> 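Take this structure first; my questions come after.
Keep in mind that the numbers below use all heavy atoms, side chains included, and drop hydrogens, waters and symmetry copies. These figures come from a predicted structure and were not determined experimentally.
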Amino acid sequence: MFLRKRAAFIGTMVLTLGAGFMLGQVGKANTNPVPGSADDPIVTKSYVDSKLAGIGAGAGSGSAATGGFTVLEMQQGQTLKASSAAGLEIIVRSGSVTAIQGQLGGLANVTTGQDMSGGAQVPLNHLIILARNDGRGIKINSAGITYVLVRGAYSIQ
């Protein structure tokens, strides 16, 4: 009988201490969780802000912002060419633009899955990839401003 009471007492104490420990942890939240971790599983503003920190900051002279597209305003007669072996992505948003073929091939129209030869009309709103910096590019033919989205290293002549 004594052993039963002692076992019951020890079991009750273990459960009481365990429950008290668990209840003590419930109110303690990590006040500075790492975004996207198990402590902060929902996509939060801080997570999005950290991912967007370097995007859009530096297009300028020949390098589109990493991760996003940069809007270029181009004029008639200008050419846009890849200036890096990493390649260049282009989306023509307005105007009349023709393809400039490189030494090793044309432009890849990812939207249609076709290769574009030099002199071909570049369709609006199609994703065009210049896979090499061997002279491939586009030439602006229309008067006024032509808007082109670019991602990657480029040169304008």
Side-chain angles (χ1 to χ4, degrees), residues 18-157:
F21 177 77
M22 294 303 292
L23 288 175
Q25 296 300 314
V26 170
K28 294 182 181 177
N30 187 352
T31 58
N32 195 14
V34 177
S37 69
D39 292 332
D40 190 11
I42 298 174
V43 178
T44 63
K45 182 182 180 308
S46 62
Y47 177 78
V48 173
D49 288 348
S50 71
K51 294 300 179 187
L52 296 177
I55 298 175
S61 62
S63 179
T66 305
F69 283 93
T70 298
V71 179
L72 299 179
E73 295 181 0
M74 299 186 68
Q75 301 289 330
Q76 185 175 19
Q78 286 185 314
T79 61
L80 173 73
K81 295 183 179 179
S83 63
S84 167
L88 179 66
E89 294 174 271
I90 298 173
I91 300 173
V92 178
R93 295 287 290 148
S94 66
S96 174
V97 177
T98 53
I100 300 172
Q101 187 164 332
Q103 297 170 356
L104 300 172
L107 286 61
N109 184 334
V110 178
T111 305
T112 62
Q114 297 176 334
D115 215 26
M116 298 175 61
S117 300
Q121 186 71 26
V122 177
L124 298 180
N125 302 312
H126 282 220
L127 178 60
I128 310 298
I129 296 179
L130 283 59
R132 300 173 187 232
N133 62 343
D134 64 348
R136 299 170 202 224
I138 59 171
K139 181 177 181 179
I140 309 302
N141 298 318
S142 56
I145 296 174
T146 296
Y147 291 95
V148 179
L149 302 175
V150 296
R151 179 167 39 202
Y154 61 89
S155 65
I156 297 175
Q157 285 103 26

> Nearest heavy-atom pair of Ile100 and Lys81: which atoms, and what distance?
CD1-CE, 4.2 Å
> Can you tell if the side chain of Leu72 reaches within under 4.5 Å of the side chain of Tyr154, non-hydrogen atoms only?
yes
> Hey, could you give me the CG/CE distance between Leu130 and Met116, rounded to the nearest 0.5 Å?
9.5 Å
> Got Pro123 and Asn109 here, is their nearest side-chain heavy-atom distance under 4.5 Å?
yes
> Is a side-chain donor or acceptor of Thr111 paired with a backbone partner of Leu127 at a separation under 3.5 angstrom?
yes
> Taking all atoms of both residues into account, what is the closest heavy-atom pair of Ser142 and Ser96, and its distance?
OG-N, 3.0 Å
> If you round to the nearest 0.5 Å, how far is CD1 of Ile140 from CD of Gln78?
7.0 Å
> Taking the side chain as every heavy atom from C-beta outward, state whether Ile145 and Gln75 have any atom pair closer than 4.5 Å.
yes
> Show your reasoning for whether side-chain contact (heavy atoms from CB on, under 4.5 Å) applies to Glu89 and Val150.
CA-CA 6 Å; Glu89 294 174 271; Val150 296; over 6 Å; no
> Would you say Arg136 and Leu104 make side-chain contact, with heavy atoms under 4.5 Å?
yes
> Find out whether Val92 and Ile128 are in side-chain contact, i.e. whether some heavy atom of one side chain is under 4.5 Å from a heavy atom of the other.
no
> For the residue pair Ile138 and Leu107, establish whether any side-chain heavy-atom pair is separated by less than 4.5 Å.
yes
> Can you tell me if Gln76 uses its side chain to pair, donor with acceptor, with the backbone of Asn141 under 3.5 Å?
yes
> More than 12 heavy atoms of other residues, nucleotides or ligands under 6.0 Å from CD of Gln157: yes or no?
yes
> Looking at every non-hydrogen atom in both residues, tell me the closest pair between Thr98 and Val122 and how far apart they are.
C-CG2, 3.8 Å
> Under a 4.5 Å cut-off applied to non-hydrogen side-chain atoms, are Arg151 and Leu88 in contact?
no
> Between Ser117 and Ala99, what is the shortest heavy-atom contact and its length?
O-CB, 3.5 Å
